[in-house]
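Only one structure is covered here, and it is reproduced in the block below.
All figures in this text were calculated on a predicted structure; none of them were measured in a lab.
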Amino acid sequence: PKILGWFFYIYVEGYVVFILGVFWSFANAIHTPKYAENTYGFIVSISKLGGILSTGLAYLFITNKFTTNLHDIDKLRVLLTASSLLLVVAAIILKLFINKSDSSV
């Protein structure tokens, strides 16, 4: 039913805002409040751009004529692996972020 799709959409949109809020709180905890306030817009903008870009790339990958020889399950496996690797990259960047803030104190 259509109503389930809307509930899922609202849940996902609320989840993204929650995660961004938690990250901003983290940034506020390791930096000055003024610096965190100045970077919040950048963080939100980049997260939205990343969401659009990753969704668009996934769509192009699934509908690409060069991937028609792959089974749908294999396409999903590739997307899951790629998104998992991006999460690992995000963790590494976060670690570098923490190290840089520790060295600047």
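Within the model, atoms CG of N99 and NZ of K95 stand 4.5 Å from one another, a figure rounded to the nearest 0.5 Å. Taking CG of L53 as the start and CD1 of I46 as the end, the distance is 10.5 Å to the nearest 0.5 Å. Distance check: L85 CG to L80 CG gives 9.5 Å after rounding to the nearest 0.5 Å.
At least one side-chain heavy atom of I93 sits under 4.5 Å from a side-chain heavy atom of V89.
Results of the side-chain contact (heavy atoms from CB on, under 4.5 Å) test with Y59 over T63, T55, I62, L57 single out T63 as the only residue that passes.
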